Number of protein chains: 2
Amino acid sequence: MMIDIDVLLTLGATYKKVAAGEVIYNEEGLCSFYHQLVSGSVRWVNIDDNGSEFIQNIIEPGECFGEIPLFDDGPYAASAIADTESVIIRLHKSLFHQLLAERPDIHMAFSKIMSERLRFKFVLLKELAHHDPEKTINTLLTYLKGNKKNVCTICNKVKLTRQQIANMTGLRVETVIRTMRHLHDKGELVIDKGKVYF
Amino acid sequence: MMIDIDVLLTLGATYKKVAAGEVIYNEEGLCSFYHQLVSGSVRWVNIDDNGSEFIQNIIEPGECFGEIPLFDDGPYAASAIADTESVIIRLHKSLFHQLLAERPDIHMAFSKIMSERLRFKFVLLKELAHHDPEKTINTLLTYLKGNKKNVCTICNKVKLTRQQIANMTGLRVETVIRTMRHLHDKGELVIDKGKVYF
DNA sequence: ATTTTCTTGTGATTGAAATCATATCGGGTG
DNA sequence: CACCCGATATGATTTCAATCACAAGAAAAT
């Protein structure tokens, strides 16, 4: 859990319900709110001219998102789109800064989150630069597993569609499918009803 | 300038001189210090099994580096190597945290730096995923120019070797050379004595 | 229940960057 | 000054992911 919901509500944060597929904010837009996901699923994506998506992050309940412009005052670095019907809680930027000033412990927790996200980018960037699909996918899945991100609530394994893996790595679906078959043959993962469990 | 040097010295920070090529700390190593570059140049790199380097960042005087593990308590995400003879100033991790607690303004400035670095990773990651060398190089150089990073002190243009660009983008030198010749022919940059000015 | 859409799946072809080879240039060093 | 090394330069070849084409299964929408 990022920031306690009661704390946010006390300061005047408001709930917002978004439908599946709804755009919460757009890349390049200006930012006036701190966002935290209460329930559902939100993906953080860059969409290019041909409509293809690069997934920067898949946000789970309790996590914040869109935090970059809260500090550097630039535009949003990526769009946020609801994967499923979701509830988010929003706090106005100025109140958010007030909160950080009053609660150094929350500010520190925030710095930790930013560090973790930066570390994830370091890892993935290094891996993408190597142009080795098998290593890239393996590193991504291992990282997610180690950080309990995008894990199936029932079986405790990382659960992503191959399309999502493709969109997180810049590889094509076909390449991901073929590469994962390799990993599957080596017994490093389970494919059940088409879905990947790592 | 990141943190005022006098503030650091008052808290007990110490100077350290490193020779060109010297490794300041190694990837995967544990972190006990806040690092800030006083003079010289430091590159922040991942080195793979075959010895090829991926440059995460080229640090200039006044900037901090190696800050990720200060917050998430993991190992260093990359190695720091001095490009030229450099002077760094180091503050013990515990004292650094004490400083942040005492000086919310410094903590906030730090959050801003982290945001900017995270944003840079977002931009580059999205670009690498597209597999378009010309766009990747153009985006990298435009970003650096916009943020006045790695800019020539005399002519105010971004100044990098093509090898460095290759190491920052995961492209091969030959590809960068060929691509930049294109950009040069289009008049978008200047090549002088082999060096690139954008 | 049926249509539509998204995802998986697989083979054939292509294209662009990686790789290999080799040479030259320029800065720094002993 | 001569030497060396890193960076630039360029052509030839290779390789492997992208692309194309097409099919079928699963899930969501109507």
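Reminder, nothing fancy here: chain letters follow the sequence lines and each chain counts from 1. Please read these numbers as outputs of a predicted model, since none were measured by experiment.
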Starting from C1' on C:dT7, measure out to CE on A:M180 and report it in whole angstrom. 14 Å
In whole Å, I'd like the distance from the CD atom of B:E134 to the C1' atom of C:dG15. 17 Å
So what does A:R178 hit on the nucleic acid, given a heavy-atom distance under 4.0 Å: a base, only sugar-phosphate, or nothing? base
Side chain B:R172 and base D:dT8 donor-acceptor under 3.5 Å: no
Nucleotide of D:dA17, D:dT10, C:dA18 approaching B:I177 most closely (side-chain heavy atoms): D:dT10
Pick base, sugar-phosphate or nothing for B:G170, based on heavy-atom distances below 4.0 Å to the nucleic acid. sugar-phosphate
Per atom distances to the A:E174 side chain, the nearest of D:dT10, C:dA18, D:dA21 is D:dA21
Distance in angstrom units between B:H182 NE2 and D:dT10 C1', rounded: 14 Å
Kindly indicate, with the supporting measurements, whether the criterion salt bridge (Lys or Arg N to Asp or Glu O under 4.0 Å) is fulfilled by B:D72 and A:K112. CA-CA 5 Å; B:D72 75 356; A:K112 190 176 175 186; over 6 Å; no
Of A:R117, A:M114, A:H35, which meets side chain to side chain contact (heavy atoms under 4.5 Å, CB included) against A:C64? A:R117
Would you confirm whether the ring centroid of A:W44 sits within less than 6.0 angstrom of the ring centroid of B:F122? yes
I need the CG-P distance between A:L160 and C:dT8, as an integer number of Å. 10 Å
Could you state the CD-P distance from B:Q163 to D:dC5, rounded to the nearest angstrom? 16 Å
Rounded to whole Å, CG of A:L171 lies from P of C:dT8 at a distance of 14 Å
Can you confirm whether more than 12 heavy atoms, excluding those of B:H182, are under 6.0 Å from its NE2 atom? no
Over how many whole Å does the gap from A:L128 atom CG to C:dA17 atom P extend? 16 Å
May I ask you to verify if any side-chain N or O of B:T175 is less than 4.0 angstrom from the OP1 or OP2 atom of C:dA17? no
Using whole Å, what does the distance between atom C1' of nucleotide C:dT8 and atom CD1 of A:I165 come to? 12 Å
Which residue lies more 5' along DNA chain C, comparing A:H131 with A:R181 via nearest heavy atoms: A:R181
Nearest listed nucleotide, side chain of A:T161, among D:dT8, C:dT7, D:dA17: C:dT7
From the list B:H130, B:E127, B:E134, side-chain hydrogen bond (donor to acceptor under 3.5 Å, both in side chains) partner of B:T139 resolves to B:E127
